[in-house]
Amino acid sequence: MRRLIYFILAFVIWILLTWPFVDGKIDIQVTVAGVIASAVVSVLFSEILPKEHRVFISPVRVFWALVYLPVFFYYMIKANFDVVYRALHPKMPIKPGIVKIKTTLKTESGITALANSITLTPGTLTVDLTDDGFLYVHWINVKSDDIEQATKLIARRFEWFLQKIFE
Amino acid sequence: MTDIIGYILVTIGILFDIFGCIGLVRFPDVYNRLQASTKCVTLGTILLLIGVAFIHGWGSIAAKAIICAVFILITSPTAAHAIAKGAYASGVKLWEKSVVDKYAEESKK
């Protein structure tokens, strides 16, 4: 089941990258090569690919992922204006530091998505994470070094969505 | 019409890339520089690629541009995370005006 999902995913990416639709016909050679390549990838690497493959087939999770995308982009654009402001301001109003936050997410993909979301949003960059669900985050403008308070400010807004997508 | 949207997106993307580079030069230490480079350059490059997709219309180039945007969105923060951790592990200090460093306090215990 898992291999089949990753096979389809790899094949879709192959089709999009090679685009075998020449003059309304499908290029058989490219398609066959794609089937072989996708099969090899899905058989050889299914062990190291993420274990949360059910995300791709559950309509509810896909729906929440689609809802998450615009929310994430909104925060990302906000983050960019924030960093641009700090970079261009003559006095450079930064107050950096590394704080610790706690996440309630359990799955590997969920934590990865959270860490990546944190990195791409306002003034925060994930440095390291521990096995028991703590993340060390470099914050360009430290507002609080308390774990609870920092978690609330940095991670809450994403956790709620990621919980629905991955858990 | 889609051409104009495409060119506007490309322009905004290039502007963000430039601001990211200015931040890269101006910020004091490696962690702050990573902040500027990952955020601005990721958004800038994604906007650039979406702009290219708009200019060329639906087809092979747009599909490739969108795939590249998705992969940049996934890999760029991961790479930043790896660089930050690697810098910390090899002993790069935080800027002297940094206010807190929980990571050092925890690893000493």
Side-chain angles (χ1 to χ4, degrees), chain A residues 12-22 69 72-73 76-77 79-90 92 94-101 112-113 115-130 134-147 150, chain B residues 15-16 18-44 46-47 59-64 66-68 70-71 73-81 83-85 87-89 94-95 97-107:
Chain A
V12 167
I13 292 173
W14 172 278
I15 291 293
L16 288 177
L17 277 180
T18 54
W19 206 258
F21 310 114
V22 189
L69 217 59
F72 173 68
F73 265 98
M76 195 170 148
I77 290 165
N80 272 275
F81 281 112
D82 185 63
V83 171
V84 166
Y85 165 72
R86 285 176 209 285
L88 295 182
H89 195 283
M92 219 166 39
I94 59 172
K95 199 173 124 197
I98 293 179
V99 296
K100 190 177 178 184
I101 64 169
T112 311
N116 279 4
S117 302
I118 287 173
T119 298
L120 286 173
T121 49
T124 47
L125 176 90
T126 318
V127 176
D128 200 2
L129 56 97
T130 57
F134 287 101
L135 287 103
Y136 292 99
V137 175
H138 182 269
W139 203 350
I140 204 165
N141 185 27
V142 176
K143 290 192 187 115
S144 162
D145 58 0
D146 178 55
I147 292 180
Chain B
L15 277 177
F16 270 118
I18 292 171
F19 291 144
C21 294
I22 293 173
L24 189 67
V25 175
R26 285 200 70 203
F27 281 145
D29 70 356
V30 66
Y31 308 101
N32 289 311
R33 286 178 171 172
L34 271 176
Q35 299 258 10
S37 58
T38 41
K39 280 184 241 303
C40 294
V41 173
T42 308
L43 185 68
I46 285 174
L47 288 177
S60 71
I61 294 174
K64 283 186 186 99
I66 299 294
I67 287 268
C68 289
V70 170
F71 277 115
L73 196 62
I74 298 169
T75 53
S76 161
T78 316
H81 165 69
I83 295 170
K85 198 183 171 187
Y88 209 100
L94 268 79
W95 189 36
K97 284 183 198 157
S98 300
V99 286
V100 61
D101 187 357
K102 289 267 176 171
Y103 196 35
E105 289 164 24
E106 298 291 324
S107 24

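So that the names make sense, note that chain A is the first sequence line, chain B the second, and so on, each numbered from 1.
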Contact part of B:L73 toward chain A, heavy-atom cut-off under 4.5 Å: side chain, backbone, both or neither? both

Please identify, among B:C40, B:A62, B:G20, B:P77, the residue contributing the most non-hydrogen atom pairs under 4.5 Å to chain A. B:P77

Side chain, backbone, both or neither of A:I77 within contact of chain B (heavy atoms, under 4.5 Å): both

Between A:Y85 and chain B, which part of the residue has a heavy atom less than 4.5 Å away: side chain, backbone, both or neither? neither

Got more than 12 heavy atoms from elsewhere within 6.0 Å of CZ, A:F81? no

Sorted by chain and number, sequence neighbours left out, side-chain contact (heavy atoms from CB on, under 4.5 Å) with B:I67 holds for A:I13, A:L16, A:L17, B:F71

Under 4.5 Å, counting heavy-atom pairs only, tell me which of B:T78, B:L47, B:I83 racks up the most with chain A. B:T78

Under the side-chain contact (heavy atoms from CB on, under 4.5 Å) rule, collect the residues that match up with B:I22, sequence neighbours excluded. A:L88, B:I18, B:F19, B:R26

To the closest 0.5 Å, what do you measure between OG1 (B:T42) and CE (A:M76)? 5.5 Å

